[in-house]
Undergrad: 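What follows is a single structure, and I will ask about it in a moment.
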Amino acid sequence: MQDVLKNYVEGIGASILGLVNGLGKFSNFAGQVFFWAIQPPIRLKLLMDQMYFIGNKSLFIIGLTSLFSGAVFALQMYLGIKAINMDSIVGPVVAISLAKELAPVFAGLVVAGRCGSAMAAQIGSMKVTEQLDALEVMGINAHQYLAVPRVVGATLSMPLLCGIFMLIGNLGSWLVGVQVLGIDEVMYFQKLSDFMTLSHVAEGLIKSAAFGFLIGMIGSYHGFEVKGGAEGVGKGTNLAVVWGMVTVLVSDYFISSFLTKIL
Amino acid sequence: MADAITFTHVVKKYGDATVLNDLTFGIPQGKITTILGFSGAGKSTLMKHILGLTRPTSGKIVSLGKDMSELDELGLREFRRNFGMVFQYAALFDFLSAFENVAFPLREFTKLKESEIKKKVESLMQAVELVPESWHRLPSELSGGMRKRVGLARALALEPRIMLYDEPTSGLDPISTQVVSDLIASTAAKNQDRKLTSLVISHDVRASLRISDHIMFLERGQIVEYSTVEGFKNSQNPIIRRFLEL
């Protein structure tokens with residue numbers, strides 16, 4: 001009984017120590033990225049390559065998810081409020097939800113899954129094949145060469161993807177609400193302009209930039225932390241996706257609380 | 001002849017474990033020096049100290065006349081451009097072709113025009129005897145020996161003053177081993193006018209005896225033997241005799 005209790009307490013202690021150690025390493029990594037982000041040279045081509053990969057290459061999946069998210073949300077809203085004859089507010093409710101929550105969070109989840117994993121896999125496989133050492137020996141900081149373009153690229157690309165998500169999501173909502181369910185089009189747009197404000201859009205865009213930053217950091221960090229061979233790369237990739245998604249969802253609450261106070 | 005690198009009472013400890021134990025030696029400039037030793041002898045740690053990738057617990061390292069302890073992180077990065085390194089498995093960037101790998105340091109650190117880079121890369125590729133058909137292949141499409149040659153060409157691109165070779169013949173067949181060893185020797189000979197210093201870390205006794213001017217044998221972080229090739233062959237130290245007989 002005593003042994004079981006001892007093992008249990010030791011297990012809790014080890015988990016806490018592991019968490020603190022991980023946070024310490026992540027903070028150190030973030031410090032390195034900040035430091036090297038402001039050191040010359042600025043590698044614009046690498047940044048553009050990352051923005052192309054994170055932004056442009058995610059467009060199809062963002063377009064598809066946003067169209068159907070807007071459409072299904074409009075359908076559910078319509079079914080819920082039709083009974084009280086408020087179907088004209090489907091447009092603004094969907095639009096505000098998209099701007100403030102759905103677009104940044106869904107785009108964040110898509111990018112965490114698609115790009116966070118790729119970042120960890122690319123950097124991790126470079127680490128296990130000594131390519132990071134080769135950069136260091138040449139006098140090139142691996143954080144500056146690999147992590148900085150990914151973090152900055154994700155931070156800049158996410159608001160663009162989020163904006164596109166909002167636009168296409170609203171298109172889906174209009175298609176289902178007006179064209180399929182027969183909500184009056186004039187009322188739909190009238191209510192939309194009555195309730196929707198620029199601060200709703202701004203909140204979503206700022207939040208998505210924060211998500212992009214976190215996804216870039218987490219994806220790159222798990223790449224740099226890879227140990228061993230192919231198995232280590234797989235583990236790092238997996239951790240990047242899991243932590244990327246969890247961080248988007250958890251940080252969403254805190255960022256939202258903060259932004260609602262200042263916007 | 002002056003030493004390119006000198007270690008003075010260098011100690012490196014990781015916790016309670018002493019990996020380098022009071023090392024004092026010099027690596028002569030313009031010569032090929034090989035560091036031999038069993039696994040865990042401290043060879044890789046020694047290489048990391050030479051590159052400034054890790055700092056000694058105590059002692060002093062002077063490289064090309066510069067006290068390494070006086071260099072900060074940015075200074076060390078600048079200083080590392082004096083070194084060219086060939087990695088055990090070549091460490092070529094897998095997203096770049098062989099040609100682009102060799103062009104990489106030139107693009108990063110020089111202001112050469114694209115035509116000049118092309119000319120320089122072609123001459124390096126020819127110097128390491130790579131056939132033009134392989135120049136635009138990705139590293140994954142090259143054999144182990146070819147990858148090592150591309151790695152050597154990349155390391156030579158910025159005309160380093162010290163070349164480091166980490167297990168250059170490991171994983172190669174006997175013919176490729178001979179080709180790579182000969183390339184190390186010929187690279188040193190071709191760059192004799194600018195006194196290129198070569199430091200090879202190896203397990204391969206036969207290749208080391210063939211190409212080296214000096215051989216150091218490390219055992220548990222200490223120097224067991226450091227002499228010319230002849231001196232090494234004639235050493236009566238039982239550890240060296242055992243290693244030579246393997």
Side-chain angles (χ1 to χ4, degrees), chain A residues 28-29 31-50 52-53 57 115 118-150 153 220 223-224 226 228-230 232-233 237, chain B residues 44 47-48 50-54 71-96 100-111 138-140 144 147-148 150-152 154-158 160 162-167 170-171 199:
Chain A
N28 183 34
F29 174 80
Q32 291 260 357
V33 173
F34 281 123
F35 175 77
W36 286 104
I38 53 168
Q39 302 294 325
I42 293 168
R43 294 179 171 90
L44 273 180
K45 189 181 176 300
L46 293 181
L47 175 62
M48 290 300 152
D49 287 348
Q50 286 306 316
Y52 177 76
F53 173 69
K57 293 270 183 178
C115 306
M119 289 176 198
Q122 285 162 355
I123 298 173
S125 62
M126 284 182 77
K127 186 175 178 188
V128 299
T129 53
E130 293 184 313
Q131 292 175 58
L132 300 192
D133 293 337
L135 281 173
E136 292 288 340
V137 169
M138 280 182 209
I140 298 170
N141 182 276
H143 291 87
Q144 188 183 35
Y145 192 83
L146 296 168
V148 170
R150 282 165 173 79
S220 303
F224 275 91
V226 161
V233 176
T237 307
Chain B
S44 299
M47 181 91 97
K48 282 182 184 170
I50 290 171
L51 286 163
L53 292 171
T54 185
L71 296 169
D72 61 9
E73 181 62 26
L74 291 173
L76 273 172
R77 283 185 189 283
E78 193 74 28
F79 188 71
R80 277 188 208 124
R81 290 181 206 159
N82 289 303
F83 295 89
M85 180 154 175
V86 179
F87 287 83
Q88 190 171 359
Y89 299 106
L92 300 179
F93 301 125
D94 51 16
F95 49 92
L96 298 176
E100 294 298 317
N101 261 285
V102 180
F104 182 86
L106 297 169
R107 294 211 171 102
E108 279 290 322
F109 298 114
T110 69
K111 289 187 166 54
L138 287 170
S140 57
R147 280 203 286 268
K148 291 262 165 84
V150 178
L152 176 56
R154 184 177 69 181
L156 287 167
L158 293 176
I162 299 175
M163 278 296 293
L164 303 171
Y165 300 87
D166 185 13
E167 304 281 2
S170 129
L199 185 63

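Reminder, nothing fancy here: chain letters follow the sequence lines and each chain counts from 1. Values below: all heavy atoms of this structure, side chains included; hydrogens, waters and symmetry mates excluded.
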Undergrad: Could you walk me through whether A:Met138 and B:Met85 satisfy the side chain to side chain contact (heavy atoms under 4.5 Å, CB included) test, starting with their C-alpha distance in whole Å, then the side-chain angles of each, then the deciding distance to 0.1 Å, before giving a yes or no?
TA: CA-CA 8 Å; A:Met138 280 182 209; B:Met85 180 154 175; over 6 Å; no

Undergrad: Rounded to the nearest 0.5 Å, what's the gap from CD1 on A:Ile140 to CZ on B:Arg81? Could you check?
TA: 7.5 Å

Undergrad: Taking the ring of B:Phe104 and the ring of A:Tyr145, is the distance between their centroids below 6.0 Å?
TA: yes

Undergrad: Top residue by heavy-atom pair count (under 4.5 Å) with chain A, among B:Leu164, B:Asp94, B:Leu51?
TA: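 Answer, by heavy-atom pair count under 4.5 Å with chain A: B:Asp94.
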
Undergrad: Salt bridge (Lys or Arg N to Asp or Glu O under 4.0 Å) with B:Lys111: which residues, sequence neighbours excluded?
TA: none

Undergrad: Report which part of B:Glu73 has an atom under 4.5 Å of a heavy atom belonging to chain A: side chain, backbone, both, or neither.
TA: side chain

Undergrad: Above 12 or not: heavy atoms from other molecules or residues under 6.0 Å from CZ of B:Phe95?
TA: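 Count over threshold, so yes.
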
Undergrad: Check whether B:Phe109 gets within reach of chain A through its side chain, its backbone, both or neither, counting any heavy atom under 4.5 Å.
TA: side chain

Undergrad: According to side-chain hydrogen bond (donor to acceptor under 3.5 Å, both in side chains), does anything in residues 120-130 of chain A pair up with another residue at least two apart or in another chain? List the pairs.
TA: A:Gln122-A:Arg150, A:Thr129-A:Gln131

Undergrad: Regarding B:Glu108 and A:Arg43, does a basic nitrogen lie under 4.0 Å from an acidic carboxylate oxygen?
TA: yes

Undergrad: What is the minimum heavy-atom distance between B:Ala91 and A:Ala134, and which atoms define it?
TA: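 Nearest heavy atoms, B:Ala91 then A:Ala134: O-CB, 3.9 Å.
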
Undergrad: For A:Ile42, does the CD1 atom have more than 12 heavy-atom neighbours from other residues, nucleotides or ligands under 6.0 Å away?
TA: no

Undergrad: Is A:Leu132 close to chain B through its backbone or its side chain, or both, or neither, when contacts mean heavy atoms under 4.5 Å?
TA: neither

Undergrad: Tell me, for A:Met126 versus chain B, whether the close heavy atoms (under 4.5 Å) come from the side chain, the backbone, both or neither.
TA: side chain

Undergrad: What part of B:Leu76 lies closer than 4.5 angstrom to a heavy atom of chain A: side chain, backbone, both or neither?
TA: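 For B:Leu76, no heavy atom lies under 4.5 Å from chain A.
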
